[in-house]
Amino acid sequence: MAQTTPNHTQTVSGWAALDSSGKVVPYTFKRRENGVNDVTIEIMYCGICHTDLHFAKNDWGISMYPVVPGHEITGIITKVGSNVNKFRLGDRVGVGCLAASCLECDFCKSSHENYCDQIQLTYNGIFWDGSITYGGYSKFLVADHRYVVRIPENLPMDATAPLLCAGITVFSPFKDSNLVDTPGKRVGVVGLGGLGHVAVKFGKAFGHHVTVISTSPSKEKEARERLGADDFIVSTNAQELQAARRTLDFIVDTVSAKHSLGPVLELLKVNGTLAVVCAPDQPMELPAFPLIFGKRSVRGSMTGSTSETQEMLDVCGKHNITCDIELVKTDNINEAWDRLARNDVRYRFVIDIAGKSSNL
(Lines give C-alpha, C1' and ligand atoms only; values in the text may rest on other atoms or scores of the structure.)
Protein backbone atom coordinates (compact mmCIF):
# COMPACT_ATOMS: atom_id res chain seq x y z
CA MET A 1 0.00 0.00 0.00
CA ALA A 2 1.02 3.60 -0.52
CA GLN A 3 -0.36 6.98 0.30
CA THR A 4 -0.35 7.91 -3.38
CA THR A 5 0.41 6.56 -6.85
CA PRO A 6 1.78 8.43 -9.91
CA ASN A 7 -1.87 9.03 -10.85
CA HIS A 8 -2.39 11.08 -7.69
CA THR A 9 -1.71 14.51 -9.14
CA GLN A 10 -4.51 16.63 -7.70
CA THR A 11 -3.64 18.66 -4.62
CA VAL A 12 -6.40 19.00 -2.04
CA SER A 13 -6.56 20.65 1.35
CA GLY A 14 -8.25 18.92 4.26
CA TRP A 15 -7.98 18.00 7.91
CA ALA A 16 -6.19 14.93 9.24
CA ALA A 17 -5.31 13.11 12.43
CA LEU A 18 -1.55 12.60 12.32
CA ASP A 19 -1.28 10.44 15.44
CA SER A 20 -3.40 8.95 18.22
CA SER A 21 -3.81 12.25 20.09
CA GLY A 22 -7.38 12.48 18.83
CA LYS A 23 -6.89 15.89 17.21
CA VAL A 24 -7.09 17.00 13.58
CA VAL A 25 -4.90 19.59 11.91
CA PRO A 26 -4.96 21.18 8.44
CA TYR A 27 -3.41 18.78 5.97
CA THR A 28 -2.59 18.96 2.27
CA PHE A 29 -2.46 15.75 0.24
CA LYS A 30 -2.98 14.27 -3.23
CA ARG A 31 -5.99 12.64 -4.83
CA ARG A 32 -6.09 10.56 -8.00
CA GLU A 33 -7.11 11.96 -11.35
CA ASN A 34 -10.75 11.52 -12.28
CA GLY A 35 -10.89 8.14 -14.06
CA VAL A 36 -13.38 6.78 -16.56
CA ASN A 37 -15.59 5.37 -13.77
CA ASP A 38 -15.13 8.28 -11.40
CA VAL A 39 -16.87 11.48 -10.45
CA THR A 40 -15.17 14.38 -8.70
CA ILE A 41 -17.25 15.96 -5.96
CA GLU A 42 -16.80 19.43 -4.49
CA ILE A 43 -17.60 18.70 -0.85
CA MET A 44 -20.13 21.02 0.76
CA TYR A 45 -20.77 19.23 4.04
CA CYS A 46 -19.44 16.26 5.97
CA GLY A 47 -21.05 14.74 9.03
CA ILE A 48 -19.03 13.78 12.08
CA CYS A 49 -19.45 10.15 13.10
CA HIS A 50 -18.17 8.59 16.32
CA THR A 51 -16.19 6.26 14.08
CA ASP A 52 -14.07 9.28 13.12
CA LEU A 53 -12.91 9.57 16.72
CA HIS A 54 -12.17 5.85 16.96
CA PHE A 55 -9.95 5.94 13.87
CA ALA A 56 -8.27 9.18 14.93
CA LYS A 57 -7.35 7.69 18.31
CA ASN A 58 -6.53 4.24 16.88
CA ASP A 59 -9.02 2.71 19.32
CA TRP A 60 -9.31 -0.38 17.12
CA GLY A 61 -5.59 -0.70 16.37
CA ILE A 62 -6.04 -0.44 12.58
CA SER A 63 -5.52 3.28 11.87
CA MET A 64 -3.14 4.23 9.05
CA TYR A 65 -1.87 7.73 9.71
CA PRO A 66 -2.46 10.31 8.49
CA VAL A 67 -6.20 9.68 8.77
CA VAL A 68 -8.47 12.06 6.86
CA PRO A 69 -11.87 11.09 8.33
CA GLY A 70 -15.38 11.58 7.02
CA HIS A 71 -17.92 9.19 5.47
CA GLU A 72 -21.09 11.31 5.57
CA ILE A 73 -20.34 13.42 2.51
CA THR A 74 -22.58 15.67 0.43
CA GLY A 75 -21.50 17.84 -2.46
CA ILE A 76 -21.71 18.83 -6.11
CA ILE A 77 -20.26 16.91 -9.06
CA THR A 78 -17.58 18.87 -10.92
CA LYS A 79 -16.12 16.13 -13.18
CA VAL A 80 -17.64 13.02 -14.76
CA GLY A 81 -15.77 10.03 -16.20
CA SER A 82 -16.49 8.77 -19.70
CA ASN A 83 -18.11 5.53 -18.46
CA VAL A 84 -20.48 7.35 -16.09
CA ASN A 85 -24.04 7.70 -17.37
CA LYS A 86 -26.19 8.26 -14.29
CA PHE A 87 -24.57 11.50 -13.08
CA ARG A 88 -23.94 14.89 -14.68
CA LEU A 89 -22.06 18.05 -13.80
CA GLY A 90 -23.83 19.96 -11.07
CA ASP A 91 -25.69 16.98 -9.59
CA ARG A 92 -26.26 16.95 -5.83
CA VAL A 93 -24.75 13.71 -4.54
CA GLY A 94 -23.58 11.89 -1.46
CA VAL A 95 -20.94 9.34 -0.49
CA GLY A 96 -21.21 7.12 2.55
CA CYS A 97 -18.92 4.51 4.07
CA LEU A 98 -17.98 2.53 0.95
CA ALA A 99 -15.20 3.30 -1.53
CA ALA A 100 -14.62 -0.03 -3.29
CA SER A 101 -15.42 -3.74 -3.30
CA CYS A 102 -14.46 -6.72 -5.45
CA LEU A 103 -17.47 -6.33 -7.81
CA GLU A 104 -17.35 -10.09 -8.51
CA CYS A 105 -18.61 -11.96 -5.42
CA ASP A 106 -22.20 -12.97 -4.76
CA PHE A 107 -22.64 -10.05 -2.38
CA CYS A 108 -21.47 -7.49 -4.92
CA LYS A 109 -23.55 -9.00 -7.71
CA SER A 110 -26.69 -8.98 -5.55
CA SER A 111 -26.32 -5.34 -4.41
CA HIS A 112 -25.05 -6.29 -0.96
CA GLU A 113 -21.51 -5.11 -1.56
CA ASN A 114 -21.31 -3.74 1.97
CA TYR A 115 -20.78 -7.37 3.07
CA CYS A 116 -18.07 -8.10 0.50
CA ASP A 117 -14.93 -9.63 2.05
CA GLN A 118 -12.86 -7.08 0.13
CA ILE A 119 -14.87 -4.00 1.02
CA GLN A 120 -12.80 -0.85 1.39
CA LEU A 121 -13.94 2.16 3.35
CA THR A 122 -14.13 5.78 2.28
CA TYR A 123 -11.22 6.49 4.59
CA ASN A 124 -8.54 4.32 6.17
CA GLY A 125 -9.07 1.76 3.43
CA ILE A 126 -6.95 0.51 0.54
CA PHE A 127 -8.31 1.43 -2.90
CA TRP A 128 -7.97 -0.75 -6.00
CA ASP A 129 -4.76 1.05 -6.98
CA GLY A 130 -3.15 0.29 -3.63
CA SER A 131 -3.45 3.81 -2.25
CA ILE A 132 -4.90 4.71 1.14
CA THR A 133 -8.36 6.25 0.99
CA TYR A 134 -8.98 9.68 2.47
CA GLY A 135 -12.41 10.88 3.50
CA GLY A 136 -14.68 13.88 3.52
CA TYR A 137 -12.81 16.21 5.84
CA SER A 138 -11.46 17.79 2.66
CA LYS A 139 -12.38 20.16 -0.14
CA PHE A 140 -13.10 17.56 -2.81
CA LEU A 141 -13.33 13.82 -3.34
CA VAL A 142 -12.81 11.50 -6.31
CA ALA A 143 -15.19 8.55 -6.04
CA ASP A 144 -16.14 5.59 -8.21
CA HIS A 145 -19.69 6.31 -9.40
CA ARG A 146 -20.89 2.88 -8.26
CA TYR A 147 -20.60 4.04 -4.65
CA VAL A 148 -22.24 7.46 -5.13
CA VAL A 149 -25.90 8.31 -4.49
CA ARG A 150 -28.18 11.12 -5.61
CA ILE A 151 -29.70 13.48 -3.06
CA PRO A 152 -33.39 14.37 -3.54
CA GLU A 153 -33.89 18.00 -4.50
CA ASN A 154 -36.12 18.78 -1.52
CA LEU A 155 -33.57 17.70 1.10
CA PRO A 156 -30.99 20.21 2.40
CA MET A 157 -27.47 18.92 1.95
CA ASP A 158 -26.26 19.77 5.45
CA ALA A 159 -28.97 17.92 7.40
CA THR A 160 -28.90 15.09 4.84
CA ALA A 161 -25.19 14.33 5.28
CA PRO A 162 -25.53 12.13 8.43
CA LEU A 163 -28.12 10.00 6.64
CA LEU A 164 -25.20 8.55 4.65
CA CYS A 165 -24.12 6.67 7.79
CA ALA A 166 -26.48 7.14 10.73
CA GLY A 167 -29.56 7.04 8.52
CA ILE A 168 -28.74 3.97 6.46
CA THR A 169 -27.49 2.13 9.55
CA VAL A 170 -30.98 2.19 11.10
CA PHE A 171 -32.93 2.06 7.81
CA SER A 172 -31.40 -1.27 6.80
CA PRO A 173 -32.80 -3.29 9.75
CA PHE A 174 -36.19 -1.60 9.29
CA LYS A 175 -36.19 -2.82 5.69
CA ASP A 176 -34.92 -6.29 6.60
CA SER A 177 -37.81 -6.67 9.06
CA ASN A 178 -40.37 -5.51 6.46
CA LEU A 179 -41.19 -2.36 8.41
CA VAL A 180 -40.85 0.25 5.65
CA ASP A 181 -44.12 -0.47 3.84
CA THR A 182 -46.03 -2.44 6.48
CA PRO A 183 -47.41 -0.03 9.12
CA GLY A 184 -49.02 -0.81 12.44
CA LYS A 185 -46.23 -2.52 14.35
CA ARG A 186 -44.90 -1.67 17.79
CA VAL A 187 -41.27 -0.57 17.44
CA GLY A 188 -38.69 0.15 20.14
CA VAL A 189 -35.60 2.34 19.83
CA VAL A 190 -32.84 1.89 22.40
CA GLY A 191 -30.92 5.15 22.79
CA LEU A 192 -31.85 8.64 21.62
CA GLY A 193 -28.65 9.82 19.98
CA GLY A 194 -27.38 10.29 16.45
CA LEU A 195 -28.78 6.97 15.23
CA GLY A 196 -31.69 6.70 17.62
CA HIS A 197 -33.35 9.99 16.72
CA VAL A 198 -33.36 8.99 13.04
CA ALA A 199 -34.82 5.60 13.94
CA VAL A 200 -37.68 7.33 15.76
CA LYS A 201 -38.35 9.49 12.69
CA PHE A 202 -38.35 6.42 10.44
CA GLY A 203 -40.66 4.51 12.76
CA LYS A 204 -43.23 7.31 12.84
CA ALA A 205 -42.98 8.01 9.11
CA PHE A 206 -43.57 4.33 8.37
CA GLY A 207 -46.72 4.27 10.49
CA HIS A 208 -45.60 2.45 13.62
CA HIS A 209 -46.14 2.91 17.34
CA VAL A 210 -42.69 3.96 18.60
CA THR A 211 -41.28 3.50 22.10
CA VAL A 212 -37.97 5.08 23.10
CA ILE A 213 -35.91 3.12 25.66
CA SER A 214 -33.32 5.26 27.43
CA THR A 215 -31.31 5.54 30.63
CA SER A 216 -32.06 9.29 30.71
CA PRO A 217 -35.49 10.33 32.04
CA SER A 218 -34.70 13.89 30.94
CA LYS A 219 -35.01 12.85 27.29
CA GLU A 220 -38.68 11.87 27.55
CA LYS A 221 -40.08 15.30 26.74
CA GLU A 222 -37.91 15.67 23.67
CA ALA A 223 -38.67 12.12 22.52
CA ARG A 224 -42.40 12.68 22.74
CA GLU A 225 -42.80 16.35 21.79
CA ARG A 226 -39.99 16.93 19.31
CA LEU A 227 -39.68 13.53 17.66
CA GLY A 228 -43.21 12.21 18.12
CA ALA A 229 -42.48 9.06 20.11
CA ASP A 230 -45.60 7.40 21.50
CA ASP A 231 -44.06 5.92 24.67
CA PHE A 232 -40.92 6.22 26.73
CA ILE A 233 -39.28 3.63 28.99
CA VAL A 234 -36.51 4.41 31.46
CA SER A 235 -34.33 1.33 31.11
CA THR A 236 -33.11 1.52 34.72
CA ASN A 237 -36.69 1.47 36.06
CA ALA A 238 -37.66 -2.13 36.82
CA GLN A 239 -41.37 -1.30 37.10
CA GLU A 240 -41.47 0.36 33.69
CA LEU A 241 -39.63 -2.55 32.12
CA GLN A 242 -42.02 -5.06 33.70
CA ALA A 243 -45.07 -3.08 32.56
CA ALA A 244 -43.80 -3.11 28.96
CA ARG A 245 -42.83 -6.78 28.91
CA ARG A 246 -43.80 -8.60 25.67
CA THR A 247 -45.26 -5.49 24.02
CA LEU A 248 -42.91 -4.79 21.10
CA ASP A 249 -42.56 -6.46 17.70
CA PHE A 250 -39.14 -5.05 16.84
CA ILE A 251 -36.36 -3.17 18.61
CA VAL A 252 -33.28 -1.45 17.18
CA ASP A 253 -30.44 -1.03 19.65
CA THR A 254 -28.21 1.99 18.97
CA VAL A 255 -26.34 2.31 22.30
CA SER A 256 -22.58 1.85 22.00
CA ALA A 257 -21.93 1.63 25.75
CA LYS A 258 -21.62 -1.85 27.22
CA HIS A 259 -25.03 -3.14 28.35
CA SER A 260 -26.98 -6.34 28.78
CA LEU A 261 -29.43 -7.34 26.05
CA GLY A 262 -31.54 -9.35 28.51
CA PRO A 263 -33.87 -6.56 29.73
CA VAL A 264 -34.30 -5.33 26.15
CA LEU A 265 -35.19 -8.80 24.86
CA GLU A 266 -37.89 -9.15 27.53
CA LEU A 267 -39.72 -6.22 25.93
CA LEU A 268 -40.22 -8.18 22.72
CA LYS A 269 -43.26 -10.26 21.94
CA VAL A 270 -42.85 -13.93 21.11
CA ASN A 271 -41.03 -14.14 17.76
CA GLY A 272 -39.85 -10.54 18.13
CA THR A 273 -36.57 -9.29 16.67
CA LEU A 274 -33.78 -7.23 18.22
CA ALA A 275 -31.53 -5.56 15.65
CA VAL A 276 -28.11 -4.59 16.99
CA VAL A 277 -26.45 -1.72 15.10
CA CYS A 278 -24.26 -0.48 17.96
CA ALA A 279 -20.59 -1.35 18.45
CA PRO A 280 -19.59 -1.35 22.14
CA ASP A 281 -15.88 -1.77 22.77
CA GLN A 282 -16.64 -4.63 25.17
CA PRO A 283 -18.85 -7.72 24.66
CA MET A 284 -22.53 -7.29 25.46
CA GLU A 285 -24.33 -9.71 27.78
CA LEU A 286 -26.79 -12.02 25.99
CA PRO A 287 -28.71 -14.18 28.46
CA ALA A 288 -30.15 -17.39 27.03
CA PHE A 289 -33.52 -17.50 28.78
CA PRO A 290 -35.07 -14.38 27.16
CA LEU A 291 -34.16 -15.88 23.78
CA ILE A 292 -35.44 -19.38 24.52
CA PHE A 293 -38.68 -18.53 26.29
CA GLY A 294 -39.65 -15.86 23.81
CA LYS A 295 -38.49 -17.49 20.57
CA ARG A 296 -36.77 -14.18 19.94
CA SER A 297 -34.04 -13.33 17.45
CA VAL A 298 -31.00 -11.11 17.73
CA ARG A 299 -29.49 -9.98 14.47
CA GLY A 300 -26.69 -7.61 13.55
CA SER A 301 -26.70 -5.04 10.79
CA MET A 302 -24.14 -2.67 9.35
CA THR A 303 -24.44 0.18 6.86
CA GLY A 304 -26.37 -0.62 3.71
CA SER A 305 -25.35 -1.07 0.10
CA THR A 306 -25.27 1.79 -2.39
CA SER A 307 -28.65 0.85 -3.85
CA GLU A 308 -30.17 0.54 -0.39
CA THR A 309 -28.73 3.93 0.56
CA GLN A 310 -30.32 5.42 -2.54
CA GLU A 311 -33.62 3.80 -1.61
CA MET A 312 -33.36 5.29 1.88
CA LEU A 313 -32.67 8.77 0.52
CA ASP A 314 -35.65 8.52 -1.81
CA VAL A 315 -37.82 7.49 1.15
CA CYS A 316 -36.43 10.42 3.15
CA GLY A 317 -37.27 12.72 0.27
CA LYS A 318 -40.83 11.37 0.20
CA HIS A 319 -41.31 11.85 3.95
CA ASN A 320 -39.06 14.92 4.28
CA ILE A 321 -36.80 13.17 6.82
CA THR A 322 -33.43 14.69 7.72
CA CYS A 323 -31.16 14.62 10.76
CA ASP A 324 -31.22 17.15 13.58
CA ILE A 325 -27.80 18.74 13.33
CA GLU A 326 -25.39 21.32 14.69
CA LEU A 327 -23.39 22.94 11.88
CA VAL A 328 -19.75 23.64 12.74
CA LYS A 329 -16.97 25.49 10.93
CA THR A 330 -13.76 23.74 9.95
CA ASP A 331 -11.90 25.68 12.66
CA ASN A 332 -14.10 24.03 15.28
CA ILE A 333 -13.72 20.34 14.38
CA ASN A 334 -11.64 19.51 17.45
CA GLU A 335 -14.13 21.28 19.71
CA ALA A 336 -16.95 19.28 18.13
CA TRP A 337 -14.98 16.06 18.65
CA ASP A 338 -14.49 16.89 22.32
CA ARG A 339 -18.22 17.51 22.72
CA LEU A 340 -19.10 14.35 20.82
CA ALA A 341 -16.90 12.33 23.17
CA ARG A 342 -19.07 13.71 26.00
CA ASN A 343 -22.30 13.00 24.06
CA ASP A 344 -22.92 16.75 24.04
CA VAL A 345 -24.71 17.10 20.70
CA ARG A 346 -28.33 17.10 19.53
CA TYR A 347 -28.01 14.97 17.54
CA ARG A 348 -25.27 15.10 14.92
CA PHE A 349 -22.42 17.47 14.07
CA VAL A 350 -21.95 18.45 10.43
CA ILE A 351 -18.89 20.32 9.15
CA ASP A 352 -19.49 23.21 6.76
CA ILE A 353 -16.61 22.20 4.48
CA ALA A 354 -17.29 24.75 1.75
CA GLY A 355 -17.72 27.54 4.29
CA LYS A 356 -20.77 28.87 2.55
CA SER A 357 -23.44 27.90 5.09
CA SER A 358 -25.75 27.60 2.12
CA ASN A 359 -29.21 26.08 1.88
CA LEU A 360 -28.30 23.76 -0.97
**Q** Using a distance-only test with no angle check, is there a side-chain donor-acceptor pair under 3.5 angstrom linking Thr51 and His54?
**A** no
**Q** Write down the atom of Arg246, the atom of Phe293, and the distance for their closest heavy-atom approach.
**A** NH2-O, 3.1 Å
**Q** State the CD1-OH distance between Ile73 and Tyr45, to the nearest 0.5 angstrom.
**A** 15.0 Å
**Q** With a 4.0 Å cut-off, would you call Glu220 and Arg224 a salt bridge?
**A** yes
**Q** So, for Cys316 and Phe202, which heavy atoms are closest and what is the spacing to 0.1 Å?
**A** SG-CE2, 3.6 Å
**Q** For the side chain of Ser172 and the backbone of Ile168, is there at least one donor-acceptor N/O pair under 3.5 Å apart?
**A** no
**Q** Does one side chain, of Arg31 or Ser138, offer a donor that lies under 3.5 Å from an acceptor on the other?
**A** yes
**Q** Do His259 and Asp253 have side-chain atoms, one donor and one acceptor, less than 3.5 Å apart?
**A** yes
**Q** Are there more than 12 heavy atoms of other residues, nucleotides or ligands under 6.0 Å from atom CG of Asp117?
**A** no
**Q** For the side chain of Ser63 and the backbone of Tyr65, is there at least one donor-acceptor N/O pair under 3.5 Å apart?
**A** no
**Q** Quick check for you: to the nearest 0.5 Å, what is the distance between Glu42 atom CD and Thr78 atom OG1?
**A** 7.0 Å
**Q** May I ask you to decide whether Asp91 forms a salt bridge with Arg150, counting only side-chain N to carboxylate O separations under 4.0 Å?
**A** yes
**Q** Any side-chain to backbone donor/acceptor pair from Gln118 onto Cys102? Under 3.5 Å, distance only.
**A** no
**Q** Less than 3.5 Å apart, any donor N or O on the side chain of Asp129 or Ser131 sitting next to an acceptor on the other?
**A** yes
**Q** Output yes when a side-chain donor or acceptor of Ser177 lies under 3.5 Å from a complementary backbone atom of Leu179, and no otherwise.
**A** no
**Q** Using the rule given for side-chain contact (heavy atoms from CB on, under 4.5 Å), can you reason through Tyr134 versus Phe29, listing the C-alpha separation, both sets of side-chain angles and the distance that settles it, and then say yes or no?
**A** CA-CA 9 Å; Tyr134 294 132; Phe29 59 101; 3.3 Å; yes
**Q** State the NZ-CZ distance between Lys219 and Phe232, to the nearest 0.5 angstrom.
**A** 8.0 Å
**Q** Show which side-chain atoms of residues 142-149 pair as donor or acceptor with protein atoms under 3.5 Å away, not counting sequence neighbours.
**A**
residue: Asp144; atom: OD1; partner: Arg146; partner atom: N; Å: 2.9
residue: Asp144; atom: OD1; partner: Arg146; partner atom: NE; Å: 2.9
residue: Asp144; atom: OD2; partner: Arg146; partner atom: NH2; Å: 2.8
residue: Tyr147; atom: OH; partner: Ser101; partner atom: N; Å: 3.0
residue: Tyr147; atom: OH; partner: Ser101; partner atom: OG; Å: 2.8

**Q** List, by chain and then residue number, the residues other than Leu267 in its hydrophobic cluster (Ile/Leu/Val/Met/Phe/Trp/Tyr, side-chain heavy atoms under 4.5 Å); write none if there are no others.
**A** Val190, Ile213, Ile233, Leu241, Leu248, Ile251, Val255, Leu261, Val264, Leu265, Leu268, Leu274, Val276, Met284, Leu286, Leu291, Val298
**Q** With rounding to the nearest 0.5 Å, note down the distance linking NZ in Lys175 to CG in Asp181.
**A** 10.0 Å
**Q** Would you mind writing out the side-chain donor-acceptor pairs for residues 16-25 within the sub-3.5 Å range, not counting sequence neighbours?
**A**
residue: Asp19; atom: OD1; partner: Ser21; partner atom: N; Å: 3.0
residue: Asp19; atom: OD1; partner: Ser21; partner atom: OG; Å: 2.6
residue: Lys23; atom: NZ; partner: Asp338; partner atom: OD1; Å: 3.2
residue: Lys23; atom: NZ; partner: Asp338; partner atom: OD2; Å: 3.2

**Q** Could you tell me whether a side-chain N or O of Asn332 sits under 3.5 Å from a main-chain N or O of Glu335, the two making a donor and an acceptor?
**A** no
**Q** Does a donor on one side chain and an acceptor on the other come within less than 3.5 Å for Thr306 and Glu113?
**A** yes
**Q** Looking at Ser256 and Ala279, what are the two nearest heavy atoms and their distance?
**A** OG-N, 3.6 Å
**Q** Should the heavy atoms of other residues, nucleotides or ligands under 6.0 Å from NZ of Lys318 be counted, would the total exceed 12?
**A** no
**Q** One thing to verify: whether Lys258 and Glu285 come together as a salt bridge, which I'm taking to mean a side-chain N less than 4.0 angstrom from a carboxylate O.
**A** no
**Q** Should Tyr123 and Ile43 be counted in the same cluster of Ile, Leu, Val, Met, Phe, Trp and Tyr side chains packed under 4.5 Å apart?
**A** no
**Q** With sequence neighbours left out, write down each residue that passes salt bridge (charged side-chain N to carboxylate O under 4.0 Å, His left out) with Lys204, or none if nothing qualifies.
**A** Asp230
**Q** Report the distance from atom CZ of Phe206 to atom CD1 of Ile321, rounding to the nearest 0.5 Å.
**A** 5.5 Å
**Q** Do you reckon Tyr347 sits in the same ILVMFWY cluster as Leu53, going by side-chain contacts under 4.5 Å, direct or chained?
**A** no
**Q** Does a donor on one side chain sit under 3.5 Å from an acceptor on the other, for Ser305 and Ser307?
**A** yes
**Q** Under a plain distance cut-off of 3.5 Å, with no hydrogens placed, do Asn114 and Thr303 share a side-chain donor-acceptor pair?
**A** no
**Q** Quick one: closest heavy-atom pair of Val252 and Ala199, and the distance?
**A** CG1-CB, 4.0 Å
**Q** Establish whether Phe127 and Ile132 are linked, either directly or via other cluster members, by ILVMFWY side-chain heavy-atom contacts under 4.5 Å.
**A** no
**Q** I'd like a table of donor-acceptor pairs (distance under 3.5 Å, sequence neighbours excluded) in which one partner is a side-chain atom from residues 191-198, with atom names and distances.
**A**
residue: His197; atom: ND1; partner: Gly193; partner atom: O; Å: 3.1
residue: His197; atom: ND1; partner: Gly194; partner atom: O; Å: 3.0
residue: His197; atom: NE2; partner: Asp324; partner atom: N; Å: 3.0

**Q** Does Thr215 reach the main-chain N or O of Ser235 with its side chain, forming a donor-acceptor pair under 3.5 Å?
**A** no
**Q** So how far is it from Asn124 CG to Phe55 CZ, rounded to the nearest 0.5 Å?
**A** 4.5 Å
**Q** Verify the neighbour count for atom NE2 of His112: are there more than 12 heavy atoms of other residues, nucleotides or ligands below 6.0 Å?
**A** no
**Q** Check whether His8 reaches the backbone of Thr5 with its side chain - one donor and one acceptor, N or O, closer than 3.5 Å.
**A** yes
**Q** Is there a chain of hydrophobic side chains (I, L, V, M, F, W, Y, each step under 4.5 Å between heavy atoms) that links Val189 to Val170?
**A** yes
**Q** Just checking, is any N or O donor in the side chain of Asp52 or Tyr137 under 3.5 Å from an acceptor N or O on the other one?
**A** yes
**Q** Treat each ILVMFWY residue as a node, draw an edge where side-chain heavy atoms are under 4.5 Å apart, and state whether Tyr115 and Leu98 are in one component.
**A** no
**Q** With sequence neighbours left out, what residues match Lys139 under salt bridge (charged side-chain N to carboxylate O under 4.0 Å, His left out)?
**A** none
**Q** Take Lys30 and Thr9 through the side-chain hydrogen bond (donor to acceptor under 3.5 Å, both in side chains) test and state the conclusion after the steps.
**A** CA-CA 6 Å; Lys30 299 285 189 179; Thr9 60; over 6 Å; no
**Q** Would you mind telling me which of Lys269, Lys185, Arg186 makes a side-chain hydrogen bond (donor to acceptor under 3.5 Å, both in side chains) with Asp249?
**A** Lys269
**Q** Minimum heavy-atom separation for Cys49 and Glu72, please, with both atom names.
**A** CB-OE2, 3.9 Å
**Q** Do Ile325 and Asp158 pass the side-chain contact (heavy atoms from CB on, under 4.5 Å) test, and can you show the C-alpha distance, the side-chain angles, and the key distance before you say yes or no?
**A** CA-CA 8 Å; Ile325 67 167; Asp158 53 359; 3.9 Å; yes
**Q** Determine whether more than 12 heavy atoms belonging to other residues, nucleotides or ligands lie under 6.0 Å from atom CD of Glu240.
**A** yes
**Q** Are the ring centres of Phe174 and Phe250 closer than 6.0 Å?
**A** yes
**Q** Could you walk me through whether Val212 and Asp231 satisfy the side-chain contact (heavy atoms from CB on, under 4.5 Å) test, starting with their C-alpha distance in whole Å, then the side-chain angles of each, then the deciding distance to 0.1 Å, before giving a yes or no?
**A** CA-CA 6 Å; Val212 172; Asp231 283 314; over 6 Å; no
**Q** Do the non-hydrogen side-chain atoms of Met312 and Leu163 ever get within less than 4.5 Å of each other?
**A** yes
**Q** Between Ser111 and Glu308, does any side-chain donor sit less than 3.5 Å from a side-chain acceptor?
**A** no
